[in-house]
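The structure appears right after this line, and notes come after that.
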Amino acid sequence: MPTCVVVGAQWGDEGKGKVVDLFAEECDYIVRYQGGNNAGHTLVVDRGNGPEKTVLHLLPSGILHPDKVCVIARGVVIDCDVLFRELDALAARGIGVAPAQLRIDLDAHIIMPYHRDIDLGREAASGDAKIGTTGRGIGPCYEDMIGRRGIRVRDLLEPSRLLDRLQAVVPDRNATLRWLGRPEVTVEALAAQLAPAAERLAPFAADCRSLVGDAWRAGKRVLFEGAQGTLLDVGHGTYPFVTSSYTTSAGVCVGVGVPPRAIEKVVGITKAYATRVGAGPFPTELFDEDGAQLRARGQEFGATTGRPRRCGWFDAAAVRYAHRLNDFTGLAITKLDVLSGFDEIKVCVAYHLDGQRLEVADADAVSLQRSVPIYETWPGWKQDLTAVRRLEDFPAAARAYLERLTELCGVPIDVVSVGPDRAQTLVLRQPF
Ligand code: GDP
């Protein structure tokens, strides 16, 4: 019963969207299990009219495959406006999404208008202590989930239930809005605002834990699509510089409602170098010309926010930490093409911390901030890799670099990506 989780092995933006889209061809269900529209998965697919770029924030990356079932599980928080905009944008390009193709869990939480307002208000009030959130209400929505103040898809679908829930939570939310100097909300206005969303959402709503659990038990191929990255996990990342959800493979179980044994393969996605968006420790960050070159060549600007990403060398100590949490069965190394042209390429093989050598990152933000990378230097290569489709055709230096990465991380490589296009990929081992 092949199931596979695709997880970011770094700080997000590793190119998960492309890998999920690639694997989606081989599977029946594609399931998003955490995060919200703070994800920005970019797919480049040629459907016969040349390469077309699709940026998805909320819809599972399998949505371009009409014969697959895409699932937004209960662990995902849903901004209805974003969801409908994405569906409309696809429709405008002739890509219709039937309800049978997109199932949204009845227990998924809704990002309310006040969540966005609270997010922006908090970030504005926090001065130098900013987390660097995307300001989309994701964190406040998760807070309300845990604080038992959330509004779920199933609440939206039943007007009387929605009114009861709003009456219970609005006074508390208004207290926070007041404190942040933001406009207060009313039950009536919110209910009126949400009514059209409820109507449009209804045909997609389903009990997805049964749907996915039954699919797994029936031997269907299920792909779980992670968002953000392991080092941003709310429990295991560089807290407090983290996202608000469980990004690791374990997040699948709580985010979907399937048992741990439903997870078979875990593919860790990592760039051939490293990037990070927003604040927080990043030991291999480069502030020199090499960093600027990685940013320019790798087009390292956020798909969701357009923010320039911080860039640095590959960090094996961080990926080993991610491996420890996820138990990767394979790695997908993306953006190897971006490294063409460097005379030398560095790899962080371990850290020095308080006079000790550390092989596996300590993700505590303060420890990681003080961790000093120990680098190994590898010869670079000049050749363009974007047209290479076989491992044997890589320059020897690129092959040696890949071999070193797999050795350092202790994980075999399933996929090497040499460009944004679906075709620019070497699949060395199929996870399904
Ligand atoms: P995700 O959030 O992990 O899906 O990552 P993003 O989609 O935000 O970032 C990956 C970016 O890199 C996108 O613009 C992709 O089109 C692009 N990309 C993915 N794989 C490759 C690759 O192998 N080479 C290059 N040059 N770009 C890639």
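As the structure lists them, so they are numbered: ligands from 1, and atoms in each ligand from 1. Each residue takes its place number in the sequence, starting with 1.
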Between [X] and ligand 1, find which residue part has any heavy-atom pair under 4.0 Å and reply side chain, backbone, both or neither.
| X | value |
| --- | --- |
| V418 | backbone |
| K335 | both |
| D13 | both |
| Q228 | neither |

Give a yes or no answer on whether the side chain of [X] reaches the backbone of [Y] with a donor-acceptor pair at less than 3.5 Å.
| X | Y | answer |
| --- | --- | --- |
| R389 | T386 | yes |
| D315 | T284 | no |
| Y142 | G75 | yes |

Between R309, R307, R276, which is the residue that forms a side-chain contact (heavy atoms from CB on, under 4.5 Å) with E300?
->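 One option only clears the test, and that one is R309.
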
May I ask you to list the atoms of ligand 1 that are less than 4.0 angstrom from any heavy atom of S417?
->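 Atoms satisfying the 4.0 Å criterion: 20 (N), 21 (C), 22 (C), 23 (O).
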
Which atoms of ligand 1 are found less than 4.0 Å from any heavy atom of K18?
->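 What qualifies from ligand 1 is 20 (N).
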
Within less than 4.0 angstrom of ligand 1, does R309 place any heavy atom?
->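 Per 4.0 Å heavy-atom rule, R309 contacts ligand 1.
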
Take every heavy atom of G8, measure it against each atom of ligand 1, and state whether any distance is under 4.0 Å.
->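 Distance cut 4.0 Å: G8 fails for ligand 1.
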
By side-chain hydrogen bond (donor to acceptor under 3.5 Å, both in side chains), which residues pair with K18, not counting sequence neighbours?
->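 K18 satisfies side-chain hydrogen bond (donor to acceptor under 3.5 Å, both in side chains) with S417, T425 only.
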
Hey, can you tell me if W381 and Y401 have their rings parallel, tilted or perpendicular (30° and 60° cut-offs)?
->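 Tilted: the ring planes of W381 and Y401 meet at 30° to 60°.
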
For N326 and S249, test the side chains for any donor-to-acceptor distance below 3.5 angstrom and give the result as yes or no.
->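 Yes, S249 and N326 have a side-chain donor paired with an acceptor closer than 3.5 Å.
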
Indicate whether any N or O donor in one side chain lies under 3.5 Å from an N or O acceptor in the other, for D144 and H115.
->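 Side chains of D144 and H115: pair found under 3.5 Å.
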
When only distance counts, is [X] in polar contact with ligand 1, meaning an N/O pair under 3.5 Å?
| X | value |
| --- | --- |
| G17 | yes |
| G12 | no |
| D337 | yes |
| G15 | yes |

